[in-house]
Amino acid sequence: QVTTFRDQLKLSFPFVMDEAGVIQREYGVVSYPSTYILNKDGVIIAKQFGPMTGEQIETLIAKALAS
């Protein structure tokens, strides 16, 4: 289902299936949806909990890239 969703929306970023909850525990995910922006070293540089609009996502990414 996830692959179908990704393909329908023509999304190009990686999706991770965390069925064992390893990533959830590692990054402290407390609610869904959760958005995390990581730097090239895997360090969280921005995060947002709850649904976001495209504009909000662009703003979050722009702030992260500026830091």
Side-chain angles (χ1 to χ4, degrees):
Q1 290 175 335
V2 172
T3 302
T4 301
F5 170 78
R6 182 195 63 210
D7 293 346
Q8 285 175 343
L9 294 178
K10 299 179 180 162
L11 301 173
S12 61
F13 54 85
F15 277 52
V16 177
M17 298 302 295
D18 185 31
E19 296 179 41
V22 173
I23 296 169
Q24 178 178 333
R25 286 187 297 280
E26 181 73 23
Y27 288 100
V29 176
V30 295
S31 65
Y32 295 96
S34 296
T35 302
Y36 292 81
I37 308 295
L38 299 115
N39 68 14
K40 64 181 178 180
D41 299 316
V43 176
I44 298 170
I45 57 173
K47 58 187 166 182
Q48 175 69 39
F49 301 109
M52 298 176 69
T53 65
E55 184 177 318
Q56 290 171 313
I57 293 169
E58 288 177 10
T59 300
L60 185 65
I61 291 171
K63 285 181 181 178
L65 291 173
S67 62

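A quick note: this is a predicted structure, and the numbers were derived from the prediction, not measured.
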Heavy-atom pair with the smallest gap, counting every atom of Ala46 and Ala64: CB-CB, 4.2 Å

Here the pair of heavy atoms bringing Met52 nearest to Thr35 is SD-OG1, 3.6 Å

Please enumerate all residues that pass side chain to side chain donor-acceptor pair (under 3.5 Å) together with Ser12, with sequence neighbours excluded. none

Under the rule for side chain to side chain donor-acceptor pair (under 3.5 Å), what residues qualify as partners of Glu58, not counting sequence neighbours? none

I need the Lys63 NZ to Ile61 CD1 distance, nearest 0.5 Å. 12.5 Å

According to ring-ring contact (aromatic ring centres under 6.0 Å, His included), who are the partners of Phe13, at least two apart in sequence or on a separate chain? Phe15

Scan for side-chain hydrogen bond (donor to acceptor under 3.5 Å, both in side chains) pairs involving residues 38-48, sequence neighbours excluded, and state none if there are none. none

Separation between CG of Leu60 and CD1 of Ile37, rounded to the nearest 0.5 Å: 4.5 Å

How is the hydrophobic cluster of Val43 composed, in terms of its other members, when Ile, Leu, Val, Met, Phe, Trp and Tyr link through side-chain heavy atoms under 4.5 Å apart, directly or indirectly? none

With a 4.5 Å cut-off on side-chain heavy-atom distances among I, L, V, M, F, W and Y, is there a chain of contacts connecting Ile57 to Leu11? no

Nonpolar side-chain network containing Tyr36, other nodes, edges under 4.5 Å: Val16, Ile23, Tyr27, Val29, Val30, Tyr32, Leu38, Ile44, Phe49

